[in-house]
Amino acid sequence: MAGEASSGTFLQGLERGLAVIRAFSADAPALTLSEVARDVGITPATARRILLTLSELGYVRTDGRQFSLTPRVLALGWAYLSSLDLGELAGPYMEELSAATRESCSIATLDLPDIVYVARVPTSRIMTVALGVGARLPAYPTSMGRVLLAGLGAVELDVYLSDVQTDQLTPHTVTAPDLLRAAIDQTRTDGYALVDQELELGLRSLAAPIHNSRGHIVAALNVSAHASRSTPDSLRQEVLPHLLHAATQITTALKHRGHL
């Protein structure tokens with residue numbers, strides 16, 4: 001670091017901006033300007049300029065006294081997550097899962113307000129929308145979205161639920177913030193999510209989390225099935241054990257490779 005600074009390539013402003021972002025944590029989700037300045041070791045004037053810049057860019061929000069991060073900071077980690085090459089690593093396990101269940105399976109990460117597909121093994125076309133790597137869907141009506149939202153911290157989830165625009169995509173779509181929060185809480189309790197025709201009529205989906213070495217949810221794995229050949233109970237009884245096993249295998253493989 002010192003060598004880079006002496007060569008004139010080190011950007012102190014960028015370093016301070018990243019330090020301000022890192023000042024927020026689960027133990028300190030909201031901080032005053034003076035607390036940020038103290039924790040980062042910068043002047044209040046510098047802290048104010050950085051916080052206002054981050055606020056203008058959408059990475060920080062304020063109630064006039066305290067500042068907190070917004071879910072947009074998760075986008076900063078998207079390049080890293082996409083570089084993990086989950087498709088290559090998870091491919092064999094997804095193939096086994098698809099063969100065992102005879103259904104399509106996918107992996108997605110969170111880029112609020114959406115989920116982004118990073119791997120997919122299709123069997124047959126069961127959705128009207130064509131999905132592939134890089135495809136995006138809203139998080140709230142999808143099983144992988146529910147799993148990923150369940151992994152957010154309390155402040156991030158509060159911000160998401162207060163800001164997200166929910167559309168009644170089908171008669172079954174959960175759109176009320178309190179009901180959506182309850183569904184996310186249930187997902188966190190169960191360790192999986194089952195979404196029944198909320199994204200599209202005729203589509204049922206079951207998802208499970210993929211964790212990093214600290215236990216944080218970094219991706220979600222799902223199995224999708226047409227409602228004509230599945231019921232919620234049959235998915236839980238016949239598909240869920242295979243899904244949970246595959247998610248555990250992928251988590252273990254990522255840890256062994258040293259990515260997470």
Side-chain angles (χ1 to χ4, degrees), residues 77-111 114-137 139 141-148 150-151 187 190-200 202-213 215-260:
W78 166 242
Y80 168 73
L81 287 173
S82 62
S83 72
L84 295 180
D85 199 4
L86 278 171
E88 178 183 357
L89 187 68
Y93 306 108
M94 296 177 69
E95 293 284 356
E96 291 179 6
L97 175 62
S98 182
T101 61
R102 298 182 181 179
E103 301 291 358
S104 300
C105 61
S106 308
I107 290 179
T109 56
L110 191 63
D111 186 20
D114 301 326
I115 61 170
V116 182
Y117 281 71
V118 297
R120 181 163 169 78
V121 176
T123 53
S124 59
R125 179 81 174 270
I126 60 174
M127 292 185 63
T128 57
V129 177
L131 294 175
V133 173
R136 306 174 73 96
L137 289 174
T142 62
S143 62
M144 289 190 288
R146 297 271 173 86
V147 164
L148 293 164
T187 294
D190 294 341
Y192 70 90
L194 194 156
V195 170
D196 187 1
Q197 304 183 81
E198 292 190 43
L199 176 67
E200 185 173 304
L203 178 70
R204 293 191 172 110
S205 181
L206 194 65
I210 296 171
H211 297 88
N212 66 11
S213 58
H216 298 156
I217 297 172
V218 294
L221 171 70
N222 89 332
V223 171
S224 299
H226 199 278
S228 65
R229 59 176 182 265
S230 69
T231 66
D233 284 342
S234 71
L235 287 175
R236 290 190 183 94
Q237 294 171 12
E238 301 169 15
V239 174
L240 182 58
H242 295 289
L243 176 68
L244 294 176
H245 180 62
T248 299
Q249 288 180 308
I250 295 170
T251 292
T252 301
L254 285 171
K255 291 177 181 177
H256 286 168
R257 184 172 283 193
H259 279 309
L260 299 179

Spatial distance of atom CZ (Arg146) from atom OG (Ser205) [nearest 0.5 Å]: 10.5 Å

Heavy-atom closest pair (Gly151 atom, Ile217 atom, distance to 0.1 Å) is CA-CD1, 3.8 Å

In this structure, OG1 of Thr187 is separated from CE of Met144 (nearest 0.5 Å) by 13.5 Å

Smallest heavy-atom separation, Ala208 atom then Leu244 atom, equals CB-CD2, 3.7 Å

Review item, side-chain donor-acceptor pairs of residues 230-241, under 3.5 Å, at least two apart:
from   : atom 1 : to     : atom 2 : distance (Å)
Ser230 : OG     : His226 : O      : 3.0
Thr231 : OG1    : Ser234 : N      : 3.0
Thr231 : OG1    : Ser234 : OG     : 3.3
Ser234 : OG     : Thr231 : N      : 2.8
Ser234 : OG     : Thr231 : O      : 2.9
Arg236 : NE     : Tyr192 : OH     : 3.2

For Gly202, does its backbone N or O pair with a side-chain atom of Gln197 as donor and acceptor, under 3.5 Å? yes

CG on Leu254 to CG on Asn212, rounded to 0.5 Å: 9.5 Å

side-chain contact (heavy atoms from CB on, under 4.5 Å), that's the test. Do Leu221 and Leu97 meet it? Break it down for me. CA-CA 10 Å; Leu221 171 70; Leu97 175 62; 3.8 Å; yes

Nearest heavy atoms of Arg136 and Asp111, plus distance in Å: NH2-OD2, 2.9 Å

For Pro141 and Val195, which heavy atoms make the closest approach, and how far apart are they? O-CG1, 3.3 Å

Working note: Ile250 + Ile107, criterion side-chain contact (heavy atoms from CB on, under 4.5 Å); need CA distance, chi angles, decisive distance, verdict. CA-CA 10 Å; Ile250 295 170; Ile107 290 179; 3.9 Å; yes

Going through the checks in order, is the side-chain contact (heavy atoms from CB on, under 4.5 Å) test met by His216 and His211? CA-CA 5 Å; His216 298 156; His211 297 88; over 6 Å; no

Check whether any side-chain N or O of Arg204 sits under 3.5 Å from a backbone N or O of Ala225 as a donor-acceptor pair, and report yes or no. no

Gap between atom CD1 of Ile115 and atom CG of Leu148 - 0.5 Å precision: 7.0 Å

Distance (rounded to the nearest 0.5 Å) between Thr248 OG1 and Tyr93 OH: 11.5 Å

Report yes if the side chains of Ser143 and Leu206 come closer than 4.5 Å at any heavy-atom pair, otherwise no. no

Is the side chain of Thr251 donor-acceptor paired with the backbone N or O of Ile210 at a distance under 3.5 Å, no angle test? no

Can you list the steps and then say if His245 with Glu96 is a side-chain contact (heavy atoms from CB on, under 4.5 Å)? CA-CA 11 Å; His245 180 62; Glu96 291 179 6; 5.9 Å; no

Donor-acceptor contact present, side-chain Ser98 to main-chain Glu95, <3.5 Å: no

